[in-house]
Q: 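Below you will find the structure I want to go over with you.
Within every chain, numbering begins at 1; the chains are lettered A, B, ... in the order of the sequence lines, protein sequences first and strands thereafter.
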Amino acid sequence: MTNPIDIAAKATPAPVARRVRGLSDRAIAWIFVTPTIFLLLAINIFPLIWTVRLSFTNYAANRPGREVEWVGLRNYTRILTDAGTWENMQTTAHFLIWTIVLQVVIGFTLAWLINRKFKGNDLLTTLIVIPMMLSPAVVGNFWTFLYQPQIGLFNYVVELVTGTPASSFSMLGPGGLAKWSIIIVDTWMWTPFVMLICLAGLRSIPDYIYEAAEVDRASKWRQFWTITVPMVLPFLMLAVLFRGIENFKMFDMVVLLTGGGPGNETLLASIDLKREAFEKWRTGYSSAYAIILFVTVFGLASIYVKALNKVKER
Amino acid sequence: MKRTTLAASAALALVWSAQANAQANELTLCWAAWDPANALVELSKDFEAQSGIKMNFEFIPWPNFADRMLNELNSGGQLCDLLIGDSQWIGGGAENGHYIKLNDFFDAEGISMDDFAPATVYAYSTWPKGTPNYYALPAMGDANGWFYRKDWFGREDIQAAYKEATGQDLREPQSQKELLQIAQFFQGREIDGQTVYGASIFTERGSEGITMGATGAMYAWGFKYENTPGQYDMEGAVNSSAAVEGLEFYKELYKTGTPPGYDNAYMEQSLDAFKSGQVAMAMNWFAFFPGLYADPTVGGDKIDFFVNPAQNVAASTLGGQGISVVSYTDNMDGALAYIKWFAQPDVQQKWWASGGYSCHKAVLEDPNFVNSAPFAGDFLEAMGGVQDFWQEPAYASLLIAMQERLHNYVVADQGTAQEALDGLIADWTEVFEDEGKL
């Protein structure tokens, strides 16, 4: 039987074969890697460097004729000394922390329950993951209706449970509920994602470890804290990393739900950045803003990845 | 091999040339997606028949209209040959070279701006404001007005209840305070077994909603942008006691006279609230009035219209747009031909008849105009006292600042009206300093 590699070699035109034969492994590796490096440079690195450069200018993309001035650190100083920026950062942190906490707790609990073998397990899993398959635009729009004080199902259920009249409160309006409304929607949508990752972690734990623990007469509670939690922790931390990065740049769903309002109650940093860049057209200023956000995410993610690696090494 | 290459090149050239010819015979007109745009599509069929130029339309929903179109202009895009852009864009359109200056064309074609209502020429066409430098032809006159449930206002039981509650007759409000009183009267009232509310007003945060709504009240109290036009001296004008009072009034109207959940409402939500029978009154642009009057549920004899009531000053918030030729068009002759066609008095008459708001004197000064629609007289009255937002090239930054300050105060209960307007001056000062105008 003829070797397929030989067939491929014979099919290669002689001039090409001559040229390739003279290349080292390293050269071939470079040939394969070069397009990727070129693409990375063109669409990632170059724009990043360009953004850094713009962040030190007063450039406005909608004013092509205006002279671009070098303003040094003025954009950075303005952003970092602006109380509004810090309010937006606090709003972002509030959203980030609460969504992650709720999604981890609920996601892990669901995964732990789903991991047990029972009838209809597969169907239930499929139903639970449906929200994360929806588009954020769809989710934002239909939750706007669900939260409607007069006709919304959410307010109706609250009235049914607590007796508070449905039209007496607005989840997306003033009164301090809006920042919790967006957390509820994000938790509803993305808890299944955390659940799936946790489920993968739970199913990767070999049964014999639990069997050995049973032999040692370890209680279920002890098995949970000394076997389940430590072995699922790297998966859980990965889920937190993904959700953290995603929610730091959360934009579409919140814009559709509240538009950043009422007032600035749900004005996340990403929404503010978009306004500066593409509504006010303060390109230099927004470049500095983007760099500050990038450094923040990159710094936090780096610290987190180091912690994740330490957990994995244990 | 050579023959094949030659044939392929020829075919490509043929396709390219056919495409270029097709483009030369086509025009794309960009506007917002709303009722008058549909009327313009119908009207433009006459232009297509006369000129042989095919018209394409790009209509963007209002909430995204400014974002989408300003991005298009700023990137030098060739999507639009003609743009019916908002009045506030005229400064940026002119100074950034997005719009063609039309003076020479108007002179050559005998199009006179004297044939159009002065307020519309000033607002939609000129930059710098009030100078005879024209960057658009007034296309769609508009202002923010009001409409109400005439059938409810006419019911004896409701009239009696109103008289008992206020000691006055229920009628079209003659002042902002009377409007508030009527809204509060209807708020939470049971009519035909349904709970109804006072008025739906603009509170939207994301684009321009709350600014367009609140300025209606503030202008009526005497709000001004500058003490001296063109000097950017805002202290004492923007935060005058009249302006503060007007803004406080708008908050009271929002808090005590609007349906629950209308905290981010603009045109669409206002229409929904009215059409679903939730409110007794609603504010919206005159552009929607023909559609409302024709509505089978709440139109006809159930609806009537009124101009924004005066308090200290008779004033309405300006809407509407001029039509401009985008400088990046590759069909300049076609675009100018459209403007020339659109400026004709008979086309303008047809424009009004089909649902558009003409700004041409031949239409507005026609003795039959006032009686041509139930809202025609109100429209004329409103256009006589319109006031517009800044039309500066930096209008977007100015608008976002006002949206934020007003929404924070009116909807989110942050601070006082005085603080909101003082803060607004600080924001605007920073913008004008960046622009080199202060």
Q: Tell me, out of Gln414(B), Glu430(B), His98(B), who's got the most heavy-atom pairs with chain A below 4.5 Å.
A: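 Winner by heavy-atom pair count: Glu430(B).
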
Q: With chain A as the partner, which of Arg405(B), Glu95(B), Gln278(B) has the greatest number of non-hydrogen pairs under 4.5 Å?
A: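 Sorted descending by pairs with chain A, the first entry is Gln278(B).
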
Q: Under a 4.0 Å threshold between the charged nitrogen and the carboxylate oxygen, would Arg78(A) count as salt-bridged to Asp434(B)?
A: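 A salt bridge links Asp434(B) with Arg78(A).
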
Q: Give, as side chain, backbone, both or neither, the part of Glu204(B) having an atom under 4.5 angstrom from any heavy atom of chain A.
A: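 Nothing of Glu204(B), per the 4.5 Å heavy-atom cut-off to chain A.
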
Q: Within a radius of less than 6.0 Å around CZ of Phe278(A), do more than 12 heavy atoms belonging to other residues, nucleotides or ligands occur?
A: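 Open: at most 12 neighbouring heavy atoms sit under 6.0 Å from CZ of Phe278(A).
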
Q: Side chain from CB out, backbone as N, CA, C, O: work out which of these in Pro149(A) comes under 4.5 Å of a heavy atom of chain B, or both, or neither.
A: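 When you check distances to chain B, only side chain atoms of Pro149(A) fall under 4.5 Å.
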
Q: Taking every non-hydrogen pair under 4.5 Å, which of Ile400(B), Val411(B), Leu398(B) racks up the most with chain A?
A: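 Ranked by contacts with chain A, first place is Ile400(B).
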
Q: Could you check whether atom CH2 of Trp180(A) has more than 12 heavy atoms from other residues, nucleotides or ligands sitting under 6.0 Å from it?
A: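 Check passes, neighbour count above 12.
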
Q: Taking all atoms of both residues into account, what is the closest heavy-atom pair of His407(B) and Pro262(A), and its distance?
A: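 Closest approach of His407(B) to Pro262(A), heavy atoms only: CE1-CA, 3.4 Å.
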
Q: In terms of heavy-atom contacts, does CZ of Phe251(A) have more than 12 from other residues, nucleotides or ligands at under 6.0 Å?
A: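 Yes, enclosed.
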
Q: Could you tell me whether Gln150(A) atom CD has more than 12 heavy atoms of other residues or ligands within 6.0 Å of it?
A: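 Yes, because the 6.0 Å sphere around CD of Gln150(A) holds more than 12 heavy atoms from other groups.
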
Q: Would you find more than 12 non-hydrogen atoms of other residues, nucleotides or ligands less than 6.0 Å from Trp98(A) atom CH2?
A: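 Result for CH2/Trp98(A): open.
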
Q: Tyr409(B) versus chain A, heavy atoms under 4.5 Å apart: side chain, backbone, both or neither?
A: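 Interface part for Tyr409(B): neither.
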
Q: Specify which of Asn96(B), Val431(B), Leu406(B), Leu73(B) makes the most heavy-atom pairs with chain A at under 4.5 Å.
A: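 Greatest number of close heavy-atom pairs with chain A: Asn96(B).
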
Q: Counting only heavy atoms from other residues, nucleotides and ligands, does the tally under 6.0 Å from OH of Tyr156(A) exceed 12?
A: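 Result for OH/Tyr156(A): open.
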
Q: Judged by atom type as modelled, is there a donor-acceptor pair below 3.5 Å linking the side chain of Arg205(B) to the main-chain atoms of Gly260(A)?
A: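 Not a single qualifying donor-acceptor pair exists.
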
Q: Quick one: does Glu279(A)'s side chain get under 4.5 Å of Leu70(B)'s, heavy atoms only?
A: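 In short, these two side chains do not touch, never coming nearer than 4.5 Å.
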
Q: Atom CG of Asn71(B) and atom CH2 of Trp281(A): how far apart are they, to the nearest 0.5 Å?
A: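 If I round to the nearest 0.5 Å, the distance is 4.0 Å.
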
Q: Taking NZ, NE, NH1 and NH2 as the nitrogens, is one of them in Lys280(A) or Glu435(B) under 4.0 Å from a carboxylate oxygen of the other?
A: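 Salt bridge absent between Lys280(A) and Glu435(B).
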
Q: Let's test your reading of the structure: which of Ala412(B), Pro393(B), Ser397(B), Pro259(B) forms the most heavy-atom pairs below 4.5 Å with chain A?
A: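 It is Ser397(B).
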
Q: Can you say whether Gln403(B) sits under 4.5 Å from chain A via the side chain, the backbone, both, or neither, judging by heavy atoms?
A: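 No part of Gln403(B) comes within 4.5 Å of chain A.
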
Q: Testing the basics here: between Pro260(B) and Gln148(A), what is the closest heavy-atom pair and its distance to 0.1 Å?
A: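 Answer, listing the atom of Pro260(B) first, then Gln148(A): O-NE2, 4.2 Å.
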
Q: Using salt bridge (charged side-chain N to carboxylate O under 4.0 Å, His left out), reason through Arg275(A) and Asp67(B) one step at a time and then give a plain yes or no.
A: CA-CA 10 Å; Arg275(A) 281 193 183 150; Asp67(B) 260 12; over 6 Å; no

Q: Nearest heavy-atom pair of Thr258(A) and Asn264(B): which atoms, and what distance?
A: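 Here Thr258(A) and Asn264(B) meet closest at O-ND2, 3.9 Å.
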
Q: Among Leu172(A), Asn264(A), Asn58(A), who wins on heavy-atom pairs under 4.5 Å with chain B?
A: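 Greatest number of close heavy-atom pairs with chain B: Asn264(A).
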
Q: For Glu67(A), does the CD atom sit with more than 12 other heavy atoms under 6.0 Å from it, leaving out its own atoms?
A: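 No - once you tally the heavy atoms of other residues, nucleotides and ligands closer than 6.0 Å, there are 12 at most.
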
Q: We want to know whether Asp263(B) and Ser170(A) form a side-chain donor-acceptor pair, criterion being a heavy-atom distance below 3.5 angstrom.
A: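 Judged by distance alone, the side chains do pair up.
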
